[in-house]
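One structure is given here, and the rest of the page talks about it.
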Amino acid sequence: MISPSNSDRFGRPVSHANPGTGHATTPGSFANAPQVGSPRTYSSPDTPGMPQPSDKTAWDFMPTDWRYTGPDTDLPTWHADCPRAQAANWQPPADFEPITQLEHARRGTITPAMKRVAEREPHLTPQQVRDEVASGRMIIPANIVHLAHNLDPMAIGRASLTKINANMGASPVSSDTSEEVEKLKWAERWGGDTVMDLSTGGDLDATREAIIRNATVPIGTVPIYSMIIGRKIEDLDEQIILETCEHQAKQGVDYFTIHAAVLLEHVHLAKDRLIGLVSRGGSLLAKWMLTHNRQNPMYTAWEKICHVMRAYDVSFSIGDGCRPGGLADASDDLQLAELVVQGELTERAWRCGVQVMNEGPGHVPLDQIEYNMKFQRKVCHGAPFYVLGPLITDIFPGYDHITSCIGATNAAYHGASMLCYVTPKEHLGLPKREDVKQGCIAYKIAAHAADIALGIPGTRDRDDELTKARAALNWEKHFELSFDPDTARAYHDEDLDVDTDFCAMCGHDWCSVRISKEIQDWASGKDEAMKWDKPKVTDALSDEQKRILESRGVLSPEEIHRLASKTRKAVAGKSASADGAAKASCHSDYVDPDTAKKLQDEQLVQLDTRPAHGINKQDSVI
């Protein structure tokens with residue numbers, strides 16, 4: 001319940017964070033006040049009973065051969081004044097040379113990668129980026145080999161913007177190397193912040209090499225997929241694990257998913273699940289353990305894997321091999337027991353100087369998402385959480401990019417740092433080019449919505465600019481500010497290919513936005529930067545816009561051809577100058593408002609609203 005001192009006359013919580021920097025009538029974000037440098041950085045208010053953040057950070061898990069030289073303290077290491085969280089108070093061995101971003105941060109160094117992250121995320125300073133990395137709450141997945149190619153460093157952590165990952169990869173029955181590189185570039189085009197190569201077929205080595213060479217974003221892999229090519233899972237051993245990890249590290253992979261938290265003593269908990277283990281890595285290792293009756297070899301070889309990864313600054317994405325594959329298995333003992341082990345492995349990796357994020361579910365009912373996010377925050381000491389979805393219902397195959405992005409929005413608001421996209425092909429087959437686009441867009445919506453809700457400064461600015469353009473009925477600016485201008489423009493022109501002071505949704509007389517703009521003492525639509533001159537015929541469809549309309553199947557091929565081939569003269573025959581003569585084609589890009597309304601009458605089926613008002617259709621009042 002909101003106390004009177006913390007709310008206004010309408011009972012709205014007093015906002016401590018504003019995602020917009022310009023004028024607005026909204027009270028701002030209802031999230032917690034930003035606390036960058038603490039476990040709550042940008043965070044949602046806790047529902048009663050939620051797990052509280054850990055008092056520990058990566059500073060509590062220093063390498064055993066580093067010596068603390070500062071004063072004794074009872075302050076937790078997340079506290080700004082804690083001497084144990086200050087680089088000057090730690091002395092590494094004399095021959096120590098920092099390699100990973102975590103090690104550089106522990107030494108107090110601001111690396112070029114940290115500076116680049118701050119450039120890309122201006123709400124953070126380079127010093128804040130360094131300190132978040134040092135605490136373990138942020139990672140910069142940047143293999144030193146990939147940095148030498150085309151990698152543009154980015155950060156994953158709750159102090160930064162929410163990131164999205166796009167999965168791709170050739171399978172034994174679908175896709176090849178060239179297609180995967182094309183999907184990589186397509187994922188980058190549609191906002192993928194990282195890409196995971198999950199290839200299980202074809203030439204895995206060549207595919208991985210090609211993707212890394214062409215990628216400007218970090219690349220992740222699941223090394224166990226390569227480990228079992230040409231051999232049975234039962235034949236896996238420590239040497240194969242280490243050799244495969246080193247080979248991929250040398251290629252430039254930025255982060256590895258390692259399913260080391262699936263333990264022998266927990267596997268029996270899967271027996272009553274409706275759908276067992278849906279993680280490929282988790283199920284393979286469960287079979288290995290049950291066959292040999294021995295502990296997970298990735299768990300027992302953890303420090304050796306860390307040694308390999310540290311040499312190239314490969315980050316961990318500790319796999320969730322026991323994630324639920326259906327709502328009925330969500331938040332069960334097996335899932336949470338594995339997450340606790342992830343916390344232990346996080347501590348061990350930090351002692352080795354390796355960056356860590358944790359992977360999470362999966363399929364989770366909406367009411368359980370906050371608990372899952374905040375339980376991870378506690379047991380993994382604030383390490384970034386990277387979640388798949390989660391899907392909030394299981395009965396919409398073909399639309400799981402929608403069911404999951406709803407869960408993903410909630411997950412990011414409650415603490416997830418990166419969202420693994422789900423495409424319309426999830427559970428059905430390997431995603432193709434259009435599926436990648438749809439998955440990326442759904443998850444950019446989720447990530448952006450969460451960032452606004454969390455009150456990250458500046459995240460709503462583009463939304464506000466688009467609102468100004470919409471209020472001014474400035475269609476060109478409206479589309480320019482949109483995430484997918486081609487689709488927005490194509491949908492608009494499908495009904496009315498004139499930019500004027502209304503659209504085909506309401507028409508001229510019913511346009512509330514136009515009416516609001518005409519009220520002189522209202523600010524709506526009056527922004528000087530959004531002013532436009534007069535109605536005009538839109539440009540010809542681009543190739544992409546043409547493809548979009550063809551795929552919709554609403555317009556005839558002839559009509560699409562007309563929209564795609566016009567040179568701003570398709571409406572000229574219907575437009576006339578004041579003296580009645582047709583306008584010359586070079587001047588036909590502008591039309592008067594009456595002509596625009598006439599075109600709407602000709603092109604659209606008009607809506608008779610009299611029955612909705614209880615008025616007889618013969619009545620001419622409306």
Side-chain angles (χ1 to χ4, degrees), residues 167 169-177 180 196-209 211-212 219-253 255-271 273 275-312 314 316-323 325 334 337-338 341-342 345 348-349 352 354 359 430:
N167 286 340
S171 80
V173 296
S174 182
S175 193
D176 59 24
T177 296
E180 292 312 305
M196 290 202 75
D197 173 22
L198 305 183
S199 295
T200 56
D203 190 336
L204 271 63
D205 225 39
T207 298
R208 189 183 313 111
E209 187 78 35
I211 287 175
I212 292 168
I219 300 299
T221 63
V222 186
I224 194 172
Y225 297 168
S226 296
M227 294 174 192
I228 62 171
I229 296 298
R231 64 173 60 90
K232 295 185 297 182
I233 182 61
E234 293 86 346
D235 297 331
L236 183 67
D237 60 28
E238 186 177 284
Q239 182 179 349
I240 295 169
I241 292 171
L242 297 176
E243 287 178 351
T244 304
C245 288
E246 183 163 22
H247 175 70
Q248 294 193 15
K250 286 180 177 178
Q251 285 185 299
V253 175
Y255 63 94
F256 289 159
T257 293
I258 304 290
H259 297 91
V262 186
L263 298 190
L264 178 62
E265 55 266 35
H266 296 151
V267 172
H268 74 278
L269 295 171
K271 65 182 179 65
R273 276 189 166 186
I275 196 169
L277 296 184
V278 296
S279 161
R280 287 187 290 203
S283 61
L284 287 166
L285 287 163
K287 183 179 180 182
W288 187 97
M289 287 186 280
L290 292 172
T291 298
H292 296 287
N293 193 30
R294 289 165 50 198
Q295 189 56 276
N296 185 335
M298 298 198 179
Y299 178 85
T300 57
W302 189 251
E303 274 71 23
K304 294 178 182 178
I305 297 172
C306 288
H307 178 75
V308 170
M309 294 174 67
R310 175 185 176 269
Y312 298 89
V314 180
F316 272 115
S317 182
I318 304 178
D320 54 339
C322 301
R323 67 177 178 268
L334 179 56
E338 182 191 31
V341 178
Q342 283 198 38
L345 294 171
R348 289 165 62 184
C352 295
V354 181
E359 292 186 12
L430 202 64

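Only a predicted model underlies this, so the values are computations on that prediction, with no experimental measurement involved.
- Side chain of Gln342 to backbone of Glu359: a donor-acceptor contact under 3.5 angstrom is found.
- Contact annotation: the side chain of Ile258 approaches that of Cys245 to within less than 4.5 Å [non-hydrogen atoms, C-beta and beyond].
- Remark: side-chain polar atoms of Glu180 are not paired, donor with acceptor, to backbone N or O of Ile211 under 3.5 angstrom.
- Listed for the Thr244 side chain is no donor-acceptor partner under 3.5 Å among the backbone atoms of Ile241.
- Scanning all heavy atoms of the two residues, the minimum distance from Ile212 to Gly252 falls at CD1-C, 3.8 Å.
- For the pair Thr177 and Glu209, the minimum side-chain heavy-atom distance is 4.5 Å or more.
- Taken to the nearest 0.5 Å, the CG atom of Leu204 stands 5.0 Å off from the CD1 atom of Ile229.
- Within a 6.0 Å radius of CD in Gln239, no more than 12 heavy atoms belonging to other residues, nucleotides or ligands are found.
- Atoms CZ and CZ, from Phe316 and Phe256 in turn, are 9.0 Å apart once rounded to the nearest 0.5 Å.
- Taking all atoms of both residues into account, the shortest heavy-atom contact from Cys306 to Val354 is O-CG2, 3.6 Å.
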Could you please spell out the steps behind the side-chain contact (heavy atoms from CB on, under 4.5 Å) verdict for Ile233 and Ile224?
CA-CA 9 Å; Ile233 182 61; Ile224 194 172; 4.2 Å; yes
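- Heavy-atom minimum distance, Val262 versus Gly321: CG2-CA, 3.8 Å.
- Using modelled atom types, one finds a donor on one side chain and an acceptor on the other under 3.5 Å when comparing Thr221 with Gln248.
- In terms of heavy-atom proximity, Val314 sits nearest to Ala249 at CG2-CB, 3.8 Å.
- Side-chain contact check for Glu338 versus Asp320: some heavy-atom pair is nearer than 4.5 Å.
- In this structure a side-chain-to-backbone donor-acceptor pair under 3.5 Å is missing from Trp302 to Ala260.
- For Asp197, there are no salt bridge (charged side-chain N to carboxylate O under 4.0 Å, His left out) partners two or more places apart in sequence or in a different chain.
- Inspection of the Arg294 and Thr300 side chains reveals no N or O donor paired with an N or O acceptor under 3.5 Å.
- In this structure the side chain of Met196 never reaches within 4.5 angstrom of the side chain of Ser317, judged on heavy atoms.
- Within the model, atoms CE of Met227 and CE of Met298 stand 4.0 Å from one another, a figure rounded to the nearest 0.5 Å.
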Evaluate the criterion side-chain contact (heavy atoms from CB on, under 4.5 Å) for residue pair Arg323 and Ser279; output intermediate values, then yes/no.
CA-CA 7 Å; Arg323 67 177 178 268; Ser279 161; 3.5 Å; yes
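- For the residue pair Asn296/His259, the side-chain donor-acceptor check at 3.5 Å is not satisfied.
- Two residues are said to be in side-chain contact when any heavy atoms from C-beta on lie closer than 4.5 Å; Leu285 and Leu236 meet this criterion.
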Please walk me through it: do Arg208 and Ile219 pass side-chain contact (heavy atoms from CB on, under 4.5 Å)?
CA-CA 9 Å; Arg208 189 183 313 111; Ile219 300 299; 5.7 Å; no
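- For the atom pair CD (Glu246) and NE2 (His307), the distance works out to 8.0 Å, reported to the nearest 0.5 Å.
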Under the side-chain contact (heavy atoms from CB on, under 4.5 Å) criterion, do Tyr299 and Leu264 qualify, and how do the steps go?
CA-CA 10 Å; Tyr299 178 85; Leu264 178 62; over 6 Å; no
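- With rounding to the nearest 0.5 angstrom, the CD1 atom of Ile305 is 6.0 Å from the CG atom of Leu242.
- For the pair Glu303 (side chain) and Arg348 (backbone), a donor-acceptor distance under 3.5 Å is absent.
- Separation of atoms CG (Leu284) and CZ (Arg280) is listed at 9.0 Å; rounding is to 0.5 Å.
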